[in-house]
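Lettering follows sequence order; numbering is per chain, from 1. Just so it is clear, the structure is predicted and the values come from calculations on it, not from any experiment.
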Number of protein chains: 2
Amino acid sequence: MTLPLLITAKFFAIVWHMQPKMNDKLFLKDPEQSDIGKNIFRKSIKLMKEIGFESFTFKKLADEIKSTEATIYRYFENKHRLLNYVVSWYWHWLDYQVIFQTNNLTHPEEKLKRVINILTWQIDGELADDQEIDLEDMHQIIIRDASKVFLTKHVAEDNTDQFFKPYKSLCERISNIMKEYNPDYPYTKSLSSTMVESAHFQDFFMENLPALTDFEDNGKLTDIRDYLTSLVFSALNQHKNQLN
Amino acid sequence: MTLPLLITAKFFAIVWHMQPKMNDKLFLKDPEQSDIGKNIFRKSIKLMKEIGFESFTFKKLADEIKSTEATIYRYFENKHRLLNYVVSWYWHWLDYQVIFQTNNLTHPEEKLKRVINILTWQIDGELADDQEIDLEDMHQIIIRDASKVFLTKHVAEDNTDQFFKPYKSLCERISNIMKEYNPDYPYTKSLSSTMVESAHFQDFFMENLPALTDFEDNGKLTDIRDYLTSLVFSALNQHKNQLN
DNA sequence: TACAAAGTAATAGTATTACTATCAATATAA
DNA sequence: TTATATTGATAGTAATACTATTACTTTGTA
């Protein structure tokens, strides 16, 4: 019944990874429960990143994992559900990063800065080193395709099935830190979702449509970080009681 | 050779509408040059809004306009190009709205507020009353589907073909007003694109995923406006020379 | 160890989508 | 009037998005 005295970040991350509570309506058969399922998840990230979500098919994925379409259809209803699974996994993972990395911080200002760093992909090396999933590929998919999971005609049904819960959870967590920083700011939820979406959009623009940003694609994301920091804190400080 | 003394906003809008300089790589045959082409444009907006872009097919559109798939394929290479055409039309239109509505304003602050009103769909009644295009449907499509035109694997080629020029033009215009307001703010381009994207995202969230906003879907967009105003001006004022 | 039950994979299908090609009818322009 | 372009109708192909069937393999229990 006794726990080991030294629980390292890595150990904890692995434990977490072994138990990501995924919404079971996202799949027909739990991909975590079989080797072929895990392979579907891993290789779909690789393939989606390579050819883009629109060109991605279960046939191509089946060839990649040396199996058949029918097998994949036993795990996921269609490719949109699979994307939703991948994206949900990511939001779970990111939410965990925020919990873990802001855990021992006292000031909400520090916490928010840490959140910005996480959103702009400055993640702890140990935690980011997943044995199974290529997190770099994952991040690329998220930037380009994550919003497609809710930008659909059937968003209401998907929402009823709680598909966006991890995303909401992350935004709520950020929102709460904002409230901690400034209880008088009236738009914490909107500012949180704006922050998350902007982190991705600005990254995409920087790499693909640089006219829409002020940043250079120099491999470092320092500028996006500075921009988000400036944006968030100027908004939060504006409504802050000047006496504090 | 003399122009009529009284040029009304409506007249001018119609003139503009008759000559939107669309990128001719977006289509195979100019849809403005025939009745059937205009019908493709009009009805595709209606149909996309009704069934969503993913379910939208040229077959369904052909049935709607009482023509055949082959005819539509003579105008547009595929449905993604058609969406790009629709979205480009919208950015052109919005850019024009910004030009027209900020034209006679002196203070950049006023101009920015007007821009926010336009982005949150508070448009001049006369101008918004297009005989041919249902602008309400158009706005709905834009909110849900506009970002899909660039969130693809082939964004680089599309950018080379200048498909995103009207969007860039709008953002640059907003960026220039921001510079006018505060020449010292270093992120005008990013703030412009954030503003435009946020206006749409917050609207979508308000209607579909309210946990991600602080607004109620009461049919009015006043709150999104207040939020964007607060966000933009707090950012711009932060870097502003305190002596001004 | 035996044998049913359950799960898994491979094969083979169907319906729809995303196009392309052909050709005749019609409208238009030189 | 004759050439040219536009449309409509028909047909066809390749790929996609699935579903159904059947045969094989593992597992749980007597």
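Side-chain N or O atoms of Asn23(A) include one that pairs as donor or acceptor with a backbone N or O of Asp161(A) at under 3.5 Å.
When each of dT19(D), dT16(D), dT20(C) is scored by its nearest atom to the side-chain atoms of Tyr73(A), the top-ranked nucleotide is dT19(D). Set against dT16(D), dT7(D), dA10(C), the side chain of Lys60(A) has dT16(D) as its closest nucleotide. Which of dT11(C), dT7(D), dC19(C) sits closest to the side chain of Ala70(A) comes down to dT11(C). The side chain of Glu69(B) approaches dA18(C) more closely than any other nucleotide in the set dA9(C), dA18(C), dT10(D). Here the side chain of Lys79(B) is nearest to one of dC19(C), dA18(C), dG8(D), namely dA18(C).
Put simply, Thr71(B) has a side-chain N or O that comes within less than 4.0 Å of OP1 or OP2 on dG8(D). OP1 or OP2 of dT7(D) has at least one side-chain nitrogen or oxygen of Ser34(B) nearer than 4.0 Å.
In this structure, Arg74(A) places its CZ atom 6 Å from C1' of dA9(C), rounding to the nearest Å. Remark: P of dC18(D) and CG of Leu28(A) are 11 Å apart, rounded to the nearest angstrom. Across the protein-nucleic acid pair, Ile51(A) atom CD1 and dA15(D) atom P stand 14 Å apart, rounded to whole Å. If you take CG of Leu83(A) and P of dA17(D), they are 13 Å apart, rounded to a whole angstrom. Between the C1' atom of dA9(C) and the CG atom of Asp35(A) lies a distance of 15 Å, rounded to the nearest Å. Atom-to-atom, CD of Glu54(A) to P of dA18(C) comes out at 12 Å; the value is rounded to the nearest Å. Counting to the nearest Å, the P atom of dA27(C) and the CD1 atom of Ile36(B) are 13 Å from each other. Here the P atom of nucleotide dC19(C) and the CG atom of Leu61(B) are 14 Å apart, to the nearest Å.
If Tyr75(B) and Glu77(A) are placed on DNA chain D by their nearest nucleotide, the residue sitting closer to the 5' end is Tyr75(B).
Between Phe215(B) and Phe205(B), the gap from one ring centroid to the other reaches at least 6.0 Å.
As judged by a 4.0 angstrom heavy-atom cut-off over every strand, Ser67(B) is placed among residues touching the sugar-phosphate backbone only. Nucleic acid contact for Lys29(A): sugar-phosphate only, since backbone atoms but no base atoms lie under 4.0 Å from a heavy atom of the residue. Among the protein residues, Gln33(A) comes within range of no part of the nucleic acid, since none of its heavy atoms lies under 4.0 Å from any strand. Phe76(B) comes within 4.0 angstrom of no nucleic acid atom, judged by non-hydrogen atoms across all strands.
Contact check on Lys46(B) versus Asp134(B) returns no salt bridge, with no Lys/Arg side-chain nitrogen under 4.0 Å from an Asp/Glu carboxylate oxygen. Using a cutoff of 4.0 Å between basic side-chain nitrogens and carboxylate oxygens, Lys60(B) and Asp63(B) are not scored as salt-bridged.
The environment of NZ in Lys165(A) is sparse: at most 12 heavy-atom neighbours from other residues, nucleotides or ligands sit within 6.0 Å.
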